[in-house]
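Here the structure is laid out as structure tokens; the discussion comes afterwards.
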2 protein chains.
Amino acid sequence: MYASGMSLSHALLGLLAVEPRSGYELTKAFSAELGRYAWQAGHTSIYPELGKLAERGLVEITDEGARGSRTYAVTPDGYAELRDWMLTPRPPKVRNEQVLRMFLISALDPADGLAVLRRIAEYTEVEGAELRRLMQDAPSEIPAGPDGFGYLAAEYGIRQYEAVHGWARWAIEKLEARADAEPA
Amino acid sequence: MYASGMSLSHALLGLLAVEPRSGYELTKAFSAELGRYAWQAGHTSIYPELGKLAERGLVEITDEGARGSRTYAVTPDGYAELRDWMLTPRPPKVRNEQVLRMFLISALDPADGLAVLRRIAEYTEVEGAELRRLMQDAPSEIPAGPDGFGYLAAEYGIRQYEAVHGWARWAIEKLEARADAEPA
DNA sequence: TAATTCATGTAAATCGTTACATGATTAT
DNA sequence: ATAATCATGTAACGATTTACATGAATTA
């Protein structure tokens, strides 16, 4: 039933399964951690997709508030669809510009490659430190309800930045060693 | 000039900057590490994109071989475009189903969430071990030329798997602690 | 009252995937 | 001979982005 480009629908089902929200609030979620590490989407794809999910009975409008806002929640069918997608392994599909740049570093001449690596090492350090600072004030257990989401995500981000930072430093060392060995 | 969904063109420029190749060989590169961690693409998008890059003078055909195969190489303009893309920071765009699943774990009930996490912990261990085994036979310096590419990529993959594995084990512990604290 | 934020939408263009299609060369 | 691999392409459909558009409620 599902073609494979359709993860937006599952992202929406997942967010709504955590907590009912409006299209506007969903849009904000995508511009936070979710969009940063996992899946990005703008309101122009979110609103039509909510309509399709509602047509298929996977979400429903549970509340209408000020300024025409509509709160959506997952239906039992929607939760079943989400659960199936989460538990069924599928061949992973990836599209990450940042990682693409890392892979293409060896296509540049060494000086340019080093410049790119140094920038990566720097921003991963800055961003990682910021996330770590945020997590210090957080509780030591996964919060129940909606906040558990951000908790898992933040820790993922920290470890992600640390890994990329370590890799960049490793690559810089390797590249510098090669530059020393074969001088231009 | 460039709209932002256009990283395929830069992936192609990068691969061709490392080494001239045919569309068929480029397609194979995308089904290896590149497609696994950074950017996936099939031959049906690669061939038309090569045509467009050639029209714009960023790549050129340098050889035609058996079975109608055409070898492409980057032109100086193409290298300039690649360099600019590599060195100019842009807001990152991410789309990764695997990571999306990780983020949505707290949307499932704890038993399902644990099942997903355990699968993640397992496959990251298996895949990481396999890559590490491959890297043991590799030289201790970045190989010059085309092989440098795979070297950087493999090390990236190893660190990536380790990071996700560590995160999954951390999350499993946290979830189990919560399950103990608030029994159903 | 002016600016900002909240809140939703449509249309055109671009991009990507799936399905379909063809034929040459090499290995068994 | 047959199967597998090499090598390229097109067309239809689906997904995504960019640009355009509107208006209500809140804050300064």
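Keep in mind that this is a model prediction, so the values were computed, not measured. Throughout, protein chains are lettered first and strands after them, A, B, ... in sequence-line order, and every chain is numbered starting at 1.
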Integer-rounded Å distance: dA15(D) P and L50(A) CG: 15 Å
Salt bridge flag under 4.0 Å for residues E155(B) and R159(B): yes
R90(B) CZ - dT17(D) P separation (whole Å): 16 Å
Distance, rounded to the nearest Å, where E49(A) contributes CD and dT17(D) contributes C1': 15 Å
Hydrophobic cluster membership, V116(B) vs W39(A), 4.5 Å side-chain cutoff: yes
Working for side-chain hydrogen bond (donor to acceptor under 3.5 Å, both in side chains), residues H10(B) and E81(B): CA-CA 8 Å; H10(B) 296 107; E81(B) 170 63 42; 2.9 Å; yes
Criterion side-chain hydrogen bond (donor to acceptor under 3.5 Å, both in side chains) on H43(B) and T27(B), from CA distance to verdict: CA-CA 6 Å; H43(B) 80 277; T27(B) 302; 5.8 Å; no
Distance in angstrom units between K93(A) NZ and dC15(C) P, rounded: 19 Å
Pairwise side-chain contact, L58(A) with L82(A), heavy-atom cut-off 4.5 Å (strictly under): no
Net bend of the helix from dT1(C)-dA28(D) to dT28(C)-dA1(D), end axes of five pairs each, nearest 10 degrees: 30°
R169(B)/E162(B) salt bridge by N-O under 4.0 Å criterion: no
NZ/NE/NH1/NH2 to OD/OE distance under 4.0 Å, E127(A) and R36(A): yes
Close aromatic pair by centroid cut-off 6.0 Å: Y37(A) and W167(B): no
Near-ring test Y79(A)/W85(A), centroid separation under 6.0 angstrom: no
Interatomic distance where CG belongs to L8(B) and C1' belongs to dA15(D) [whole Å]: 16 Å
Nucleic acid footprint by protein, nucleotides 6-13 of chain C - heavy-atom cut-off 4.0 Å, B for base, S for sugar-phosphate alone: BBBBB---
Q40(B) side chain near dT17(C) phosphate (N/O to OP1/OP2, under 4.0 Å): yes
Nucleotide dT16(D), atom C1' - distance to CD1 of I46(A) in whole Å: 12 Å
Rounded distance (Å) that lies between atom C1' of dA24(D) and atom CD of E64(A): 15 Å
